[in-house]
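Notes follow the structure.
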Amino acid sequence: MSTQELLVGGWTKYHILTPQDQKIFDEAIEGYIGVHYVRYEVASQLVYGTNYRYKCKASLITGSPVWEAVVEIYCPIESKPHVVSITRV
């Protein structure tokens, strides 16, 4: 089983983003202003829809300071993905 395959209820290992992972992040974060997120890894969990945890480097629009963050996103089966939480780590 590859790290990108989804197990019902279980989280995948963190892996490099696919084009679909990038699209989901971009759709969910659209409209958020003030902080720039550079996502570099993602883990996912298959539920009724899919949960995502994106590891990101975050910075103010001015460029500094830079910190690590985990952006959690839920993507329903028949609706637009949305941000559940953003945690500074």
Please report the closest heavy-atom contact between [X] and [Y], naming both atoms and the distance.
X	Y	result
V83	A28	CG2-O, 3.6 Å
P81	I73	CB-CG2, 3.9 Å
R39	Q22	NH2-CB, 3.6 Å
H36	I61	N-CD1, 4.2 Å
H15	K13	ND1-O, 3.1 Å

Worksheet entry | Short N-O contact, K57 and E68, less than 4.0 angstrom |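 A salt bridge links K57 with E68.
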Item to complete: Output the distance between atom CZ (R53) and atom CH2 (W11), rounded to the nearest 0.5 Å.
Response: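 Taking CZ in R53 and CH2 in W11, the distance rounds to 4.0 Å.
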Worksheet entry | Nearest-0.5 Å distance that lies between atom OH in Y37 and atom CD1 in I86 | 3.5 Å
Worksheet entry | Polar side-chain atom of Y54 near backbone of D21 as donor-acceptor pair, under 3.5 Å | yes
Worksheet item: For the side chain of T50 and the backbone of C75, is there at least one donor-acceptor N/O pair under 3.5 Å apart?
Response: no
Discussion item. Assigning hydrophobic clusters by single linkage (Ile, Leu, Val, Met, Phe, Trp, Tyr; side-chain heavy-atom cutoff under 4.5 Å), is V35 placed with I29?
Written reply: yes
Practice prompt. Flag yes if V42 and Y32 sit in one hydrophobic cluster, no otherwise; membership is Ile, Leu, Val, Met, Phe, Trp, Tyr, and two members link when side-chain heavy atoms are under 4.5 Å apart.
Written response: yes
Worksheet, complete the sentence: For H82, the ring-ring contact (aromatic ring centres under 6.0 Å, His included) test, sequence neighbours excluded, returns Y74
Discussion item. Contact between Y52 and V71 at the side-chain level, heavy atoms closer than 4.5 Å - yes or no?
Written reply: no
Practice prompt. Compare all side-chain heavy atoms of F25 with those of C56 and state whether any distance is below 4.5 angstrom.
Written response: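 Yes - at least one pair of side-chain heavy atoms lies under 4.5 Å apart.
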Discussion item. Is there a side-chain contact (heavy atoms from CB on, under 4.5 Å) between E41 and I16? Walk through the geometry before answering.
Written reply: CA-CA 5 Å; E41 285 186 318; I16 295 172; 5.5 Å; no
Discussion item. Could you work out, with side chain to side chain contact (heavy atoms under 4.5 Å, CB included) as the rule, every residue matching P65, not counting sequence neighbours?
Written reply: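 P65: side chain to side chain contact (heavy atoms under 4.5 Å, CB included) contacts with L60, W67.
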